[in-house]
Peer 1: 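Sharing a structure below in structure tokens format, with a few things to ask.
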Amino acid sequence: MDKVYNNKDVEEKIYKTWEEKGYFKPEVNPTGKPYSIILPPTNANGALHFGHAMYVVEDILIRYHRMKGLSTLWLPGTDHAGIETQFVFEKKLREEGKSRLDFTREELFKMIKLYVDENRGGIEKQLRRLGFSLDWSREKYTMDKDVIEIVYDTFKKLFDDGLVYRAKRLVNYCTYDGTSFSDLEVIYEERQNPLYYIKYGPLILATTRPETKFGDTAVAVHPDDKRYQQYIGKELDIETVLGKSKIKVVADKFVDPLFGTGVVKITPAHDFDDFEVADRHDLPMVQVINFDGKMNEKAGKYEGLYIKQARRAVVEDMQAKGLVEKIDENYVHRIGLCYKCKNPIEPLPLEQWFVKMEPLARQAIEVVKKEEIKIYPKDFEKRYLQFLENIKDWNISRQIVWGIRIPAFKCEKCGQWEVTAGEVREKCGKCSGKMIQDEDTFDTWFSSGQWPYATLKTTDSLKFYPANVMETGYDILPWWVARMVMLGIYIQKKQGVERIGEQIPFKDVVLHGLVNDPLGKKMSKSKGNVINPIELIDQYGADAVRFALIYGTAFGNDQSLSYPKLEAMRKFTNKLWNMARFIEMTKPEDYIESEKKITNENDNEMSEKIKQLAKEVASLLNKYDFNHAAQNLYEFAWHTFADIYIEDVKNRIDNSSYSVLKNSYLVILKLLHPFMPFVTEEIYHILWKEGESLMISEWPIYE
RNA sequence: GGACUUGUAGCUCAGUGGUAGAGCGCUUCAUUCACAUUGAAGAUGUCAGAGGUUCGAAUCCUCUCAAGUCCACCA
């Protein structure tokens, strides 16, 4: 053996052998009980980042259970990542001086598909570098035909059940990207904008958006506000920049009497709150801004102006007419921004497909409260429940081409909608008019929300449903995990599955924290502080990187990348290596493997301590306490086994003590294998059997 | 506005009712005898602050301060 463990020579060779021998497939343990984890699908077009490296905990669980003899499946997959990918592609187009508007829908889709196909596979290579024992033969993609069929089918069933409906709702629309975003995709930022105090007949109200006044269909006051009691229910004659007009006064509790003058203009087509007020008071909706971000004909002479231009013009004209009471230039408020381009989100009314969430959420709440699904660490349960208890209907339409096109068809003649499970409809069933397919695609989360069922069903692996563990970053708990629970249960119920325990998509939710840069700042491309895990693997070895991510940080907490820790873990792999080297070098010439009788007190103590360690590590892993399992192993291997025991046994090696030494070391290797698969496997080949593998050896269990 | 997380040795972090811990760094010694070293010994902390519960609090409760995150969003 070399004096130093050289990870570079070892890792690639070993991973290749594992894969070739089929050790990653559940069939390696043909009679074992099923145990499965679905890898959160990675962006098909993406590269590895530190979020992915944290999936090492899944590999630990998988390797642990595989060694325990379970038929273990860790299923990889990729996601088409609709908005994200189209955004990246459009950026590329812009750099080439082109725009998506230069192409038809079909052309654009083909181009993006080609672009993604060319860039695919990169991340799979990188996940291999981390040593992940994924069953690559079952890899799925959200755009696989059979996955799409399941998504279609679910959509149709939801529609038939009345859980999908079409409605004109305000959407978070980005007039620059030309698409709507979910609530979760809108980011909020504080901005300082002028607050205009405008005269509406006898009333004065404060607004930041005077240009939307042409869409006002009422003004509102608080029902208990003494100042305005005489106006409630009346219609006011008001003077506007477009001449005389009338407007109704309504009373609604949402108005804060302390803000501004306590009077609010109601613009249902361009404000989320106003939309709800309008709903309660049956007010008409007047859209004055178009999807291109310009004012429309309802804005009279301001038609064709962009929002900002219109605001300036309207204010100037109002000032000329004496309609502006005052302007508060120091007003600070939070406005919604597009998370992609950082431009203000415009609430606009658009016909969309919505999923009625309340009935689905109710079940998802119930399964967690009944502990059919458990969330680790438990603190995250509150976030999950908070999200589901306040859930709003889910807008699943996206105005992008890169995605699964919604299988809904509208009759040109009579306006009838028909939803199919993917089949094309050309003629209207009612009037024989021509049917046209909805241009929109599904929200990416609508397909990934069906991921556990879709992947297992289409790989003929349904015996692994529900998955034992869903492990992911806590940041996508509502976006993804909650939706998988809701859709998973729904799908299984529709399949006629009655037992809750078989409806849920997974049993345990395990959430890891985020990895920040060494200064504790979130890694992001825009900050330029992104660190590529592959570079660290090259430098420290995959085992050291894996161990460093687990060791010394409470599971679920964020951590900052630490170079000293990586270095310490690299030394640990080297220490392990040299323990093996010692054992190899000190083998008694007449040593017989079967010699087992323990005669020395210290040898006896060691074999007892090893049993305790094995129990402790198993118990910690069963609780998803990876950190303490790792700490125990590190502490024991280095300080109990090497510093004390090896030092002690060094000068008195005989057949009996050597047997204890070697067998104890084997247990340490086995317990460490899920954490550090490469170095442990390599040592096993050298000290034990070259043709066999530690990864499919038996996990040490002592009763 | 609602909630969550974090604040412990110079740095990165464990520790959740019983005399303050690890790694790195630092000091001293030993060693090149499995270990691009390793081992032994050592120094270092008003456990963010204040109050409370308790025989006893880093740990439980309340409040304050600071950093970060999620959700909802007031014209």
Side-chain angles (χ1 to χ4, degrees), chain A residues 1-6 183-184 186-188 193 195-198 205-210 212-213 216 219-221 252 254-267 270-274 277 331 333-336 377 379-392 473-479 513-514 516 518-522 547-548 551-586 625 627-628 630-632 634-635 638-639 642-644 646-647 650-651 665:
Chain A
M1 287 176 82
D2 293 339
K3 264 181 121 173
V4 177
Y5 170 64
N6 192 339
D183 291 344
L184 295 168
V186 178
I187 53 170
Y188 289 86
N193 283 321
L195 183 64
Y196 304 95
Y197 285 75
I198 300 169
L205 58 77
T207 181
T208 52
R209 304 208 54 188
T212 63
K213 71 185 304 305
D216 293 355
V219 295
V221 297
D252 197 286
F254 112 97
V255 180
D256 175 4
L258 300 176
F259 184 89
T261 57
V263 184
V264 184
K265 70 192 202 62
I266 300 300
T267 322
H270 299 292
D271 182 280
F272 289 101
D273 283 316
D274 295 3
V277 173
Y331 178 61
H333 65 150
R334 290 164 68 76
I335 59 164
D379 291 328
F380 290 111
E381 195 178 296
K382 282 182 203 157
R383 281 198 207 184
Y384 173 90
L385 293 174
Q386 190 194 349
F387 172 73
L388 288 174
E389 278 159 4
N390 300 303
I391 201 158
K392 287 185 189 172
Y474 65 78
D475 52 329
I476 52 171
L477 180 64
W479 304 61
L514 311 178
N516 295 319
L519 299 173
K521 301 284 175 211
K522 196 167 178 169
F547 213 74
Y551 179 95
T553 178
F555 193 72
N557 281 357
D558 292 353
Q559 62 177 313
S560 303
L561 192 70
S562 160
Y563 289 108
K565 190 156 91 178
L566 283 163
E567 183 55 28
M569 294 312 143
R570 192 194 59 75
K571 284 185 181 166
F572 182 51
T573 53
N574 199 51
K575 184 75 182 177
L576 281 173
W577 179 259
N578 276 287
M579 293 177 205
R581 201 161 159 249
F582 173 81
I583 292 170
E584 191 199 34
M585 289 166 81
T586 52
D625 190 348
N627 167 37
H628 288 108
Q631 283 197 12
N632 278 7
Y634 179 93
E635 182 66 25
W638 201 315
H639 301 299
D643 290 350
I644 298 172
I646 289 186
E647 290 303 320
K650 219 172 203 171
N651 304 314
Y665 184 61

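Residue numbers start from 1 in every chain, and the chains themselves are labelled A, B, ... in the order their sequence lines are given, proteins ahead of strands.
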Peer 1: Hunt down the Watson-Crick or G-U wobble partner of B/U62, both distances under 3.5 Å, from any strand shown, or write none.
Peer 2: B/A50
Peer 1: Can you tell me which residue pairs pass the side-chain hydrogen bond (donor to acceptor under 3.5 Å, both in side chains) test with a partner in residues 553-570 of chain A, sequence neighbours excluded?
Peer 2: A/Tyr474-A/Asp558, A/Glu567-A/Arg570
Peer 1: So, using side chain to side chain contact (heavy atoms under 4.5 Å, CB included) as the criterion, who are the partners of A/Asn390 when residues are at least two apart?
Peer 2: A/Gln386
Peer 1: With both distances under 3.5 angstrom, what nucleotide forms a Watson-Crick or G-U wobble pair with B/G68?
Peer 2: B/C4
Peer 1: Nearest whole Å is fine: how far is B/U16 C1' from A/His628 NE2?
Peer 2: 11 Å
Peer 1: So, does A/Asn627 use its side chain to make a donor-acceptor pair with the main chain of A/Gly552 at under 3.5 Å?
Peer 2: yes
Peer 1: Starting from the C-alpha separation in whole Å, work towards a yes-or-no answer on side chain to side chain contact (heavy atoms under 4.5 Å, CB included) for A/Phe547 and A/Tyr634.
Peer 2: CA-CA 10 Å; A/Phe547 213 74; A/Tyr634 179 93; 4.1 Å; yes
Peer 1: Has the side chain of A/Glu647 got a donor or acceptor atom sitting under 3.5 Å from an opposite partner on the base of B/A34?
Peer 2: yes
Peer 1: Using atom P in both nucleotides, what's the gap between B/U16 and B/G21 to the nearest angstrom?
Peer 2: 14 Å
Peer 1: Would A/Lys650 and A/Glu647 pass as an ion pair if we require N to O under 4.0 Å?
Peer 2: yes
Peer 1: Could you give the distance separating B/A43 and B/U6 at their C1' atoms, to the nearest angstrom?
Peer 2: 29 Å
Peer 1: Please identify each residue that fulfils side chain to side chain contact (heavy atoms under 4.5 Å, CB included) with A/Ala568, with sequence neighbours left out.
Peer 2: none
Peer 1: Expressed as a whole number of Å, how far does the P atom of B/U46 sit from that of B/C11?
Peer 2: 12 Å
Peer 1: In Watson-Crick or G-U wobble terms, both distances under 3.5 Å, what is the partner of B/G42?
Peer 2: B/C26
Peer 1: Could you please name the partner base of B/G21, counting Watson-Crick and G-U wobble pairs only when both distances are under 3.5 Å?
Peer 2: B/C13
Peer 1: Within the side chain of A/Trp577, is there an N or O that forms a donor-acceptor pair under 3.5 Å with the backbone of A/Asp2?
Peer 2: yes
Peer 1: Rounded to whole angstroms, how far apart are CZ on A/Phe582 and P on B/C35?
Peer 2: 11 Å
Peer 1: Expressed as a whole number of angstroms, how long is the span from A/Arg581:CZ to B/U32:P?
Peer 2: 16 Å
Peer 1: Would you indicate what A/Asn627 reaches in the nucleic acid, counting non-hydrogen atoms under 4.0 angstrom: base, sugar-phosphate, or nothing?
Peer 2: sugar-phosphate
Peer 1: How far, in whole Å, is B/A50 from B/C65 if one measures between their C1' atoms?
Peer 2: 10 Å
Peer 1: Out of B/C13, B/A72, B/A34, which has the shortest distance to the side chain of A/Ser560?
Peer 2: B/C13
Peer 1: Counting only Watson-Crick pairs (N1-N3 plus N6-O4 or O6-N4) and G-U wobbles (N1-O2, O6-N3), all under 3.5 Å, who is the partner of B/U32?
Peer 2: none
Peer 1: For A/Glu389, check side chain to side chain contact (heavy atoms under 4.5 Å, CB included) against everything at least two apart and list the hits.
Peer 2: A/Ile365, A/Lys369, A/Leu385
Peer 1: Who are the side chain to side chain donor-acceptor pair (under 3.5 Å) partners of A/Lys3, not counting sequence neighbours?
Peer 2: none
Peer 1: With P as the reference atom in both, quote the distance from B/G39 to B/G25 in angstrom, rounded to an integer.
Peer 2: 12 Å
Peer 1: Rounded off to whole Å, could you give me the CH2-to-C1' distance for the A/Trp577 and B/U38 pair?
Peer 2: 18 Å
Peer 1: Quick one: list whatever passes salt bridge (Lys or Arg N to Asp or Glu O under 4.0 Å) with A/Asp271, sequence neighbours left out.
Peer 2: none
Peer 1: For B/C13 versus B/G68, give the span between their P atoms, rounded off to a whole number of Å.
Peer 2: 15 Å
Peer 1: Please determine if a side-chain N or O atom of A/Arg570 lies less than 4.0 Å away from the OP1 or OP2 oxygen of B/C35.
Peer 2: no
Peer 1: Nearest-Å distance, CG (A/Leu205) to C1' (B/C74)?
Peer 2: 14 Å
Peer 1: Would you please name every residue forming a side chain to side chain contact (heavy atoms under 4.5 Å, CB included) with A/Lys382, sequence neighbours left out?
Peer 2: none
Peer 1: Can you measure A/Leu514 atom CG to B/C70 atom C1' for me and round it to whole angstrom units?
Peer 2: 11 Å
Peer 1: Could you pull out the protein-nucleic contacts involving nucleotides 3-6 of chain B (nitrogen or oxygen on both sides, under 3.5 Å)?
Peer 2:
{"residue": "B/C4", "atom": "O2'", "partner": "A/Arg383", "partner atom": "NH2", "Å": "3.4"}
{"residue": "B/U5", "atom": "OP1", "partner": "A/Asp379", "partner atom": "OD2", "Å": "3.4"}

Peer 1: For A/Val264 and for A/Tyr5, locate the closest nucleotide of RNA chain B by heavy-atom distance; then report the residue assigned to the nucleotide nearer the 5' terminus.
Peer 2: A/Tyr5
Peer 1: What I want to check is whether an N or O donor and acceptor connect the side chain of A/Lys575 with the base of B/C35 at under 3.5 Å.
Peer 2: yes
Peer 1: Can you tell me how far P in B/C47 sits from the matching atom in B/G42, rounded to whole Å?
Peer 2: 23 Å
Peer 1: Pick the nucleotide of RNA chain B nearest each of A/Ala554 and A/Asp273; which residue has the one closer to the 5' end?
Peer 2: A/Ala554
Peer 1: Report the distance from atom CD1 of A/Ile476 to atom P of B/C71, rounded to the nearest whole Å.
Peer 2: 12 Å
Peer 1: Calculate the interatomic distance between A/Glu584 atom CD and B/C35 atom P; express it in whole Å.
Peer 2: 13 Å
Peer 1: Could you run down the sub-3.5 Å N/O contacts of the protein with nucleotides 21-30 of chain B?
Peer 2:
{"residue": "B/A22", "atom": "O2'", "partner": "A/Tyr551", "partner atom": "OH", "Å": "3.4"}

Peer 1: Please work out if A/Leu477 contacts a base, only the sugar-phosphate, or nothing of the nucleic acid, heavy-atom cut-off 4.0 Å.
Peer 2: nothing
Peer 1: Considering every strand and a 4.0 Å limit on heavy-atom distances, what is the contact class for A/Tyr331: base, sugar-phosphate, or nothing?
Peer 2: sugar-phosphate
Peer 1: Which part of the nucleic acid, if any, lies within contact of A/Met579, taking any heavy atom under 4.0 Å across all strands shown: a base, the sugar-phosphate backbone alone, or nothing?
Peer 2: base
Peer 1: Determine the Euclidean distance between corresponding C1' atoms of B/C60 and B/A9; express it in Å to zero decimal places.
Peer 2: 25 Å
Peer 1: Side chain of A/Tyr665, backbone of A/Leu576: donor and acceptor closer than 3.5 Å?
Peer 2: yes
